[in-house]
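Just so you know, these numbers come straight off a predicted model, no measurement behind them. To find a chain, count down the sequence lines: A is the first, B the second, and so on, and within it residues start at 1.
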Amino acid sequence: MSREDFIKVLNILKREFPRWDAPVVSLMAKRDKRTPYQILISTIISLRTKDQVTAEVSERLFRLADNPYDMLKIPEEKIAEAIYPAGFYRNKAKVIKEISGKIVKDFGGKVPDSIDELLKLKGVGRKTANLVVALGYGKPAICVDTHVHRISNRLGFVKTKTAEETEMALRKKVPREYWNEINDLFVAFGQTICKPVSPKCSECPVSSYCEKVGVKKHR
DNA sequence: AAAACGGGGGC
DNA sequence: GCCCCAGTTTT
């Protein structure tokens with residue numbers, strides 16, 4: 001797939017999903033009002049966890065503490081309790097405590113705004129770091145989750161093995177002005193139509209552009 | 001490159 | 001029962 005077609009696909013999806021109102025909305029609707037710290041914590045909670053659960057337990061946790069200083073005052077068990085039943089909730093409670101300490105100690109209480117510094121925080125990988133940069137600080141960043149990785153390859157726009165390779169490829173091939181839209185659009189698209197298995201190609205608005213790489217059963 | 005982390009919901 | 005979910009770390 002050419003760059004021109006990829007941009008066309010983005011624009012079509014933007015029309016199809018003008019306002020994404022799946023369960024994720026409870027988390028995402030408030031994201032513009034969130035601080036970078038809240039975005040970071042929510043994103044950590046979200047790993048391998050349903051959006052709705054992430055949204056609920058994030059709100060519960062932020063009522064106890066919405067900044068690293070307050071978070072350090074709460075016992076780890078209380079954090080775990082607040083974010084239950086998110087997956088890995090005990091481990092995440094430990095991570096939240098740890099990175100809050102590091103943010104206060106090494107970054108003056110402010111969440112870093114660069115990928116390199118964010119990656120120094122335990123439990124923060126490229127996906128999380130890019131999301132904080134994009135949503136927390138409004139800077140261009142390409143956030144590659146499973147949806148972005150799968151769909152970019154399925155379209156035939158990139159041919160990559162890992163999420164990091166996808167990120168680097170997209171960085172080269174997509175103009176910056178589109179970077180922050182890709183994740184949102186592909187998540188919405190990926191959860192409803194371009195699913196991991198048995199995607200609904202007959203209902204897909206960009207089917208004619210798609211090379212359907214690796215798609216076996218398509219409806 | 002693959003396993004481990006680890007709980008709930010859908011089918 | 002089995003598979004999946006806005007991933008990251010460890011082996």
Side-chain angles (χ1 to χ4, degrees), chain A residues 13 17 19-32 34 36-61 76-77 79-100 102 112 115-136 141-154 160-168 170 179-200 216-217 219:
Chain A
L13 292 180
F17 299 97
R19 199 148 75 79
W20 176 231
D21 57 358
V24 73
V25 79
S26 52
L27 173 64
M28 286 304 161
K30 294 179 181 166
R31 67 188 182 187
D32 290 339
R34 287 188 188 285
Y37 180 74
Q38 288 174 299
I39 294 193
L40 172 60
I41 299 301
S42 278
T43 307
I44 285 172
I45 294 172
S46 77
L47 86 85
R48 306 305 279 169
T49 300
K50 291 278 201 289
D51 292 345
Q52 188 162 357
V53 174
T54 301
E56 287 167 5
V57 304
S58 292
E59 295 308 322
R60 200 156 66 203
L61 178 61
E76 199 176 303
E77 311 88 72
I79 298 175
E81 194 179 309
I83 63 175
Y84 179 88
F88 312 119
Y89 67 98
R90 267 184 275 267
N91 193 44
K92 284 172 185 171
K94 191 190 301 173
V95 166
I96 289 170
K97 194 90 170 176
E98 268 185 42
I99 68 179
S100 297
K102 194 169 175 68
I115 302 292
D116 286 346
E117 287 183 318
L118 284 162
L119 289 175
K120 291 176 183 165
L121 300 171
K122 189 126 162 214
V124 175
R126 300 201 66 85
K127 185 257 175 179
T128 304
N130 276 294
L131 202 65
V132 170
V133 170
L135 299 187
I142 296 179
C143 176
V144 177
D145 57 26
T146 54
H147 293 293
V148 175
H149 181 58
R150 177 184 71 255
I151 296 171
S152 299
N153 276 282
R154 187 175 280 173
T160 51
K161 196 83 172 100
T162 66
E164 183 170 354
E165 290 172 41
T166 302
E167 184 191 324
M168 298 315 168
L170 292 178
W179 286 11
N180 289 9
E181 299 176 347
I182 296 173
N183 185 260
D184 248 11
L185 291 174
F186 281 12
V187 170
F189 181 45
Q191 289 183 343
T192 54
I193 294 172
C194 198
K195 299 181 179 186
V197 298
S198 301
K200 301 177 178 173
K216 297 187 177 84
K217 288 186 291 185
R219 298 177 184 167

Mind checking A:Val53 for me? I need base, sugar-phosphate or nothing, with any heavy atom below 4.0 Å counting as a touch.
-> nothing
P-based separation of C:dC2 from B:dG6 [nearest Å] = 22 Å
In whole angstroms, the gap separating C1' of B:dG8 from NZ of A:Lys92 amounts to 12 Å
For A:Gln52 and B:dG9, give me the distance from atom CD to atom C1', rounded to whole Å.
-> 11 Å
Side chain of A:Lys127 only, please: which of C:dT10, B:dG6, C:dG7 is the nearest?
-> C:dG7
Counting just side-chain N and O atoms, does A:Thr146 come under 4.0 Å of either OP1 or OP2 of C:dG7?
-> yes
Partner nucleotide of B:dA4 by Watson-Crick or wobble geometry (both distances under 3.5 Å) = C:dT8
Select base, sugar-phosphate, or nothing to describe what A:Lys161 touches, counting heavy atoms under 4.0 Å on all strands.
-> nothing
Would you mind classifying the nucleic acid contact of A:Thr128 as base, sugar-phosphate or nothing, using non-hydrogen atoms under 4.0 angstrom?
-> sugar-phosphate
Inter-residue atom distance A:Ile45.CD1 - A:Ile83.CD1, 0.5 Å rounding | 5.0 Å
Between atom CG in A:Asp145 and atom P in C:dC4, what is the gap in whole Å?
-> 17 Å
Gap in Å between the two P atoms, one belonging to B:dG8 and one to C:dT8, rounded = 23 Å
Between the side chains of A:Thr43 and A:Thr128, does any donor sit under 3.5 Å from an acceptor?
-> no
Given the P atoms of B:dA3 and C:dC3, what is the spacing between them in whole Å?
-> 14 Å
Trace of the side chain to side chain contact (heavy atoms under 4.5 Å, CB included) decision for A:Lys102 with A:Lys120 = CA-CA 9 Å; A:Lys102 194 169 175 68; A:Lys120 291 176 183 165; 4.3 Å; yes
Whole-Å distance between C:dT8 C1' and A:Leu118 CG?
-> 15 Å
Gap between atoms CG and P, on A:Leu47 and B:dA4 respectively (whole Å) | 17 Å
Heavy-atom closest contact (A:Pro196 atom, A:Arg154 atom, distance) = O-NH2, 2.9 Å
Rounded off to whole Å, could you give me the CD-to-P distance for the A:Glu164 and C:dT9 pair?
-> 12 Å
Does the distance from a Lys or Arg side-chain N to an Asp or Glu carboxylate O, for A:Glu59 and A:Arg34, drop under 4.0 Å?
-> yes
Any luck finding a side-chain donor-acceptor pair between A:Thr49 and A:Thr54 under 3.5 Å?
-> no
Map A:Lys50 and A:Ala129 onto DNA chain C by nearest heavy atom, then report which one ends up closer to the 5' terminus.
-> A:Lys50
Would you kindly give the CZ-to-C1' distance between A:Arg150 and C:dC5, to the nearest whole Å?
-> 11 Å
Among C:dC5, C:dG7, B:dG7, the one nearest A:Tyr84 by side-chain distance | B:dG7
Could you give the CZ-to-P distance, from A:Arg48 to C:dC5, as a whole number of Å?
-> 7 Å
Please tell me which of A:Val197 and A:Phe88 maps to the more 5' nucleotide of DNA chain C, matching each residue to the nucleotide holding its nearest heavy atom.
-> A:Val197
Side-chain contact check for A:Arg90: nearest option of C:dT8, C:dT10, B:dG7 is B:dG7
